[in-house]
Amino acid sequence: MPEPDRAVLARRRQIVAALRAIVPGEAVIDHADGLRPYESDGLTAYRQPPMVVVLPDTTAQVAAVLRWCHAQGVKVVPRGAGTSLSGGALPLADGVLLGMAKFNRVLDIHYGDRVAVVQPGVTNLAVTRAVEEAGFYYAPDPSSQIACSIGGNVAENSGGVHCLKYGLTTNNVLGVEIVMMDGQVLRLGGRQLDPAGLDLLGVLVGSEGLLAVITEVTVRILPRPQAARALLIGFPGVESAGQCVADIISAGIIPAGMEMMDRLAIHAAEAFVHAGYPLDVEALLIVELDGPLAECDPLIDEVERIAHRNGAMSCRSSGSEAERLRFWAGRKAAFPAMGRLAPDYYCMDGTIPRRRLPEVLRRMAQLSAEHGLGVANVFHAGDGNLHPLILYDANVPGQLERAEQFGADILRLCVEVGGVLTGEHGVGVEKRDLMPVMFSEVDLAHQQRVKCAFDPQLLLNPGKVFPTLHRCAELGRMHIHAGQLPFPDLPRF
Ligand SMILES: Cc1cc2nc3c(=O)[nH]c(=O)nc-3n(C[C@H](O)[C@H](O)[C@H](O)COP(=O)(O)OP(=O)(O)OC[C@H]3O[C@@H](n4cnc5c(N)ncnc54)[C@H](O)[C@@H]3O)c2cc1C
């Protein structure tokens, strides 16, 4: 590696000294060994050690760090637990990595208001753990819930298997405290459902660390349903499983979760956790119904009838809580189970209209043959959110590049059939250059205007989400020609 020049080293020393003055003790890391754990997130194909890591533990320290970086024109990348699969927390060689891991306290729980107020570094699962004795839980449940942080969940608008019925993070967050890049602290939303004013909280959720640093989160907690039962349904093909999903929804049933796995994923997960999955089927549906006992049992019967009408080869309902959890254990371990099939996997995340599922899976199989790489499919079938897992070996020259091209083709296919580039993993660096497949120049310019309203110097997490980041002053002068507008014939005011 070339030696950095003297000016760069002097600048680095100045930044480290300023950060140490704000956050004393061991909380500023600038030696190579200490920086290494931060060099990538869940998208491990990309690596870049940060210039320096700072780990504040109060809002005042976050504000002081950001204020100083703002005044000095220093870039900042916020980081939660580093499990992002889209490279959202990938550091910058010339930027400060702002780790939020020390913000790990549950601040307040109010069962009457059904809210919990937590710091952003608290893990998703820890929120449920904090309220479960009182019979409550936090509904969004990413498979990474044991590790990922609530701050990261808010920044990525994360989902999970139970989001079909209970909504994504955006539907379960009521308020946040944030620090703007210039150090100003503000609160968006609160404890109530519908706060007054513009919905800035809605803008912030899913903003991938580009608008502000989240320092506190108020989430909705829900009482545990009286009963929850899961069905394991095997099908001879993905078409019949897909039709069963459509028929369940058309019957007016909203399961708590409805997940599909294809043959490759079923076999890998079964070998890994022994969940009791049938191995003679081509597609497996896990359908969970919850609610009052009097509602749950008849719905289970109704779903079984729909499954049999669609040619189900096997149908088993959980007879105990332990069995229900075992059914889910296979699905939740599907990603790590890929390690049994290939040294590396690349997890994609696109969303399609449910009815296009069989066609998309067929075309994905063709793409798999064209790129010469295997693909296993695990997805949130109820909301059309696909997670194709592309299998490759990073040690074989060219395979990573082929996996990335295959992934890009899958996402183009999602958009072509009327879907979107991401379901829940965010854009980050991974899908940044595909944004023009989905958004016009006009769309992107307007999205960047929002970024400019929060962070006009473009210092917060630059290089993510936007394929090109225009200087904010330039953007203000950009003209949008009538022909570029989505509805050029409409009268203008
Ligand atoms: C095995 C595995 C399974 C997964 N399953 C799911 C799943 O089922 N559903 C799902 O939605 N995701 C899933 N993910 C992806 C990932 O766990 C989520 O995106 C998660 O929300 C990231 O949280 P984090 O704390 O790790 O954030 P990080 O990875 O640290 O950061 C993610 C983004 O959030 C920003 N950020 C983090 N904290 C803050 C903050 N305090 N203020 C402002 N910005 C911040 C970062 O800048 C970055 O852009 C999975 C990941 C893995 C590795």
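Counting starts at 1 for both ligands and their atoms, following the listed order. Since this is a predicted model, take the numbers as computed values, not measurements. Along the sequence shown, the residues carry numbers beginning at 1.
Assignment of L85 to the shell around ligand 1 is supported, since a heavy atom sits closer than 4.0 Å. In this structure, G80 counts as a contact residue of ligand 1, since one of its heavy atoms falls inside 4.0 Å of the ligand.
In summary, the side chains of Y166 and D290 do present a donor paired with an acceptor at a separation below 3.5 Å, with no hydrogens or angles considered. Judged purely by distance below 3.5 Å, without hydrogens or angles, the side chains of Y346 and E430 pair a donor atom with an acceptor atom. A donor and an acceptor atom, one from each side chain of D349 and T422, are located under 3.5 Å apart. With no hydrogens or angles considered, no side-chain donor-acceptor pair links H70 and D455 at under 3.5 Å. Counting only N and O atoms by type, the side chains of Q145 and K332 include a donor and acceptor under 3.5 Å apart. For the residue pair E177 / T215, a side-chain donor-acceptor distance below 3.5 Å is found, with atom types taken as modelled.
Atoms of ligand 1 found under 4.0 Å from any heavy atom of M100, numbered from 1 in the order shown, are 41 (N). The atoms of ligand 1 that sit less than 4.0 Å from any heavy atom of E208 are 49 (O). Which parts of ligand 1 touch A155 is read off a 4.0 Å heavy-atom cut-off, strictly below it: atoms 34 (O), 35 (C), 36 (N), 44 (N), 45 (C). Distances below 4.0 Å separate heavy atoms of S158 from the following atoms of ligand 1: 11 (O), 18 (C), 19 (O), 20 (C), 21 (O). Against a heavy-atom cut-off of under 4.0 Å, A81 is close to the following atoms of ligand 1: 24 (P), 25 (O), 26 (O), 27 (O), 30 (O). Near G88, the atoms of ligand 1 lying under 4.0 angstrom from a non-hydrogen atom of the residue are 47 (O), 48 (C), 49 (O). Listed by atom number, the atoms of ligand 1 under 4.0 Å from A212 heavy atoms are 43 (C). Here is the list of ligand 1 atoms found below 4.0 Å of a heavy atom in N153: 20 (C), 21 (O).
At the shortest separation from atom 14 (N) of ligand 1 among protein heavy atoms lies S144 OG, 3.5 Å. Protein heavy atom nearest atom 1 (C) of ligand 1, with residue, atom name and distance: F335 CD2, 4.0 Å. Closest to atom 22 (C) of ligand 1, if we only count protein heavy atoms, is T83 OG1, 3.3 Å. Closest to atom 31 (O) of ligand 1, if we only count protein heavy atoms, is A89 CB, 3.8 Å. For atom 44 (N) of ligand 1, the closest non-hydrogen atom on the protein side is G209 CA, 3.5 Å. Closest protein heavy atom to atom 29 (O) of ligand 1: S84 N, 2.8 Å. The nearest heavy-atom contact from the protein to atom 28 (P) of ligand 1 is G82 N, 3.5 Å. Looking only at heavy atoms of the protein, atom 27 (O) of ligand 1 is closest to G152 CA, 3.5 Å.
Which of K332, M338, E156, Q145 comes nearest to atom 19 (O) of ligand 1 through a heavy atom is settled by distance: it is E156.
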*Worked check of side chain to side chain contact (heavy atoms under 4.5 Å, CB included) between E156 and H425*: CA-CA 6 Å; E156 298 284 10; H425 295 172; over 6 Å; no
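The proximity of H425 to ligand 1, defined as any non-hydrogen pair under 4.0 Å, is limited to the side chain. Under 4.0 Å from ligand 1, the heavy atoms of N461 that appear belong solely to its side chain.
If you run side-chain contact (heavy atoms from CB on, under 4.5 Å) between M348 and each of L421, L411, N377, only L411 comes through. For the side-chain contact (heavy atoms from CB on, under 4.5 Å) test with F327, the passing option among E323, R324, R331 is E323; the others fail. Looking at L55, V62, I214 one by one, the single match for side-chain contact (heavy atoms from CB on, under 4.5 Å) with M100 turns out to be V62.
Note: T468 OG1 to R432 CZ = 8.5 Å, rounded to the nearest 0.5 Å.
Checking only distances, P142 never comes within under 3.5 Å of ligand 1, N or O to N or O. Considering backbone and side-chain atoms alike, D41 places every N or O at 3.5 Å or more from each N or O of ligand 1. Geometrically, ligand 1 and I214 share a nitrogen or oxygen pair separated by less than 3.5 Å. Where the criterion is an N or O separation shorter than 3.5 Å, residue side chain and backbone included, D141 fails it with respect to ligand 1.
A donor-acceptor contact shorter than 3.5 Å is absent between the side chain of D30 and the backbone of V16. At distances below 3.5 Å, at least one donor-acceptor pair connects side-chain atoms of T123 with backbone N or O atoms of A126.
Annotation: L186, atom CG; neighbour count of heavy atoms from other residues, nucleotides and ligands within 6.0 Å is above 12.
Looking at residues two or more places apart in sequence or on another chain, you find a salt bridge (Lys or Arg N to Asp or Glu O under 4.0 Å) between E416 and R363.
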